[in-house]
Amino acid sequence: ALEVLNEIAFAPEMLPRRIEKERKAVLAEMQQVNDMEYRIETWTLSGLHETNKLGTQFPIGKEEQIKSWQQKDLRAFHEKWYYPGNATLYVVGDLSEEEMI
């Protein structure tokens with residue numbers, strides 16, 4: 001299981017077909033939350049945090065950015081933010097360290 005986590009977090013393939021599949025999923029999610037309540041929430045957060053990044057950076061992102069994702073952009077983002085020192089893994093259960101690894 002940890003080998004799969006390692007591949008996902010630290011060695012993703014980022015195949016073009018998978019990028020397109022994820023792009024479609026994110027755009028669909030964006031449409032689902034694009035209601036009056038969400039727009040009011042983002043407008044309120046923008047005002048409350050106009051002096052820092054919280055007012056402009058939302059979990060889904062901006063539609064024009066999502067539509068323009070390229071493999072090189074995703075790789076650059078991943079290389080900047082996804083590294084072991086920036087991750088925490090908690091393992092809970094009745095198993096030894098050897099079983100876990």
Side-chain angles (χ1 to χ4, degrees):
L2 291 180
E3 292 165 352
V4 173
L5 179 61
N6 180 62
E7 182 181 328
I8 292 168
F10 305 118
E13 293 183 274
M14 293 193 196
L15 300 172
R17 64 179 168 75
R18 294 287 299 145
I19 292 171
E20 287 307 312
K21 184 177 179 180
E22 186 63 21
R23 183 190 326 270
K24 289 177 185 175
V26 172
L27 290 170
E29 183 180 346
M30 179 177 277
Q31 289 302 313
Q32 289 176 342
V33 300
N34 189 16
D35 58 13
M36 184 59 75
E37 183 179 338
Y38 181 76
R39 288 193 295 274
I40 290 170
E41 183 179 316
T42 56
W43 178 79
T44 303
L45 287 173
S46 295
L48 290 172
H49 299 284
E50 64 184 339
T51 60
N52 61 50
K53 290 184 177 184
L54 291 175
T56 58
Q57 295 182 341
F58 301 101
I60 293 178
K62 295 181 179 177
E63 186 174 1
E64 61 272 9
Q65 291 173 336
I66 296 165
K67 288 181 176 179
S68 68
W69 284 343
Q70 298 296 315
Q71 187 182 50
K72 65 180 177 54
D73 303 320
L74 296 173
R75 284 202 184 279
F77 179 86
H78 193 274
E79 288 171 10
K80 180 176 181 179
W81 296 107
Y82 286 74
Y83 56 93
N86 204 22
T88 302
L89 174 65
Y90 295 95
V91 178
V92 179
D94 187 18
L95 65 155
S96 69
E97 184 176 340
E98 291 78 26
E99 290 174 302
M100 178 186 64
I101 296 173

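Rounded to the nearest 0.5 Å, atoms CD (E37) and OG1 (T42) are 11.0 Å apart. Atom CZ in R75 sits 7.5 Å away from atom CD1 in I19 (nearest 0.5 Å). Interatomic distance, I8 CD1 to E13 CD, rounded to the nearest 0.5 Å: 11.0 Å. The line from CG of D35 to CD1 of I40 is 9.0 Å long, rounded to the nearest 0.5 Å.
Partner of K67 under the side-chain hydrogen bond (donor to acceptor under 3.5 Å, both in side chains) criterion, chosen from Q65, E63, E64: E63.
When hydrophobic side chains of Ile, Leu, Val, Met, Phe, Trp and Tyr are connected at separations under 4.5 Å, W81 ends up clustered with F77, Y82.
Around CZ of R18, the count of heavy atoms belonging to other residues, nucleotides or ligands within 6.0 Å does not exceed 12.
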Query - Audit row: I66, K62, side chain to side chain contact (heavy atoms under 4.5 Å, CB included) steps and yes/no - result: CA-CA 6 Å; I66 296 165; K62 295 181 179 177; over 6 Å; no
Query raised in the report: Do R23 and E20 pass the salt bridge (Lys or Arg N to Asp or Glu O under 4.0 Å) test, and can you show the C-alpha distance, the side-chain angles, and the key distance before you say yes or no?
Result: CA-CA 5 Å; R23 183 190 326 270; E20 287 307 312; 2.7 Å; yes
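Placement of Y83 and L74 in two distinct hydrophobic clusters is found when ILVMFWY residues are connected by side-chain heavy-atom separations under 4.5 Å, directly or transitively. In the hydrophobic clustering of ILVMFWY residues, with side-chain heavy atoms under 4.5 Å counting as a link, W43 and L48 come out apart.
Residues K24 and L27 are not in side-chain contact: their nearest non-hydrogen atoms beyond the backbone lie 4.5 Å or more apart.
In this structure, Q71 contributes its side chain and M14 its backbone to a donor-acceptor pair below 3.5 Å. Counting only distance, with no hydrogens or angles, the side chain of E99 and the backbone of S96 share a donor-acceptor pair below 3.5 Å.
Annotation for F10 and H78: closest pair CA-CE1, 4.1 Å, computed over non-hydrogen atoms.
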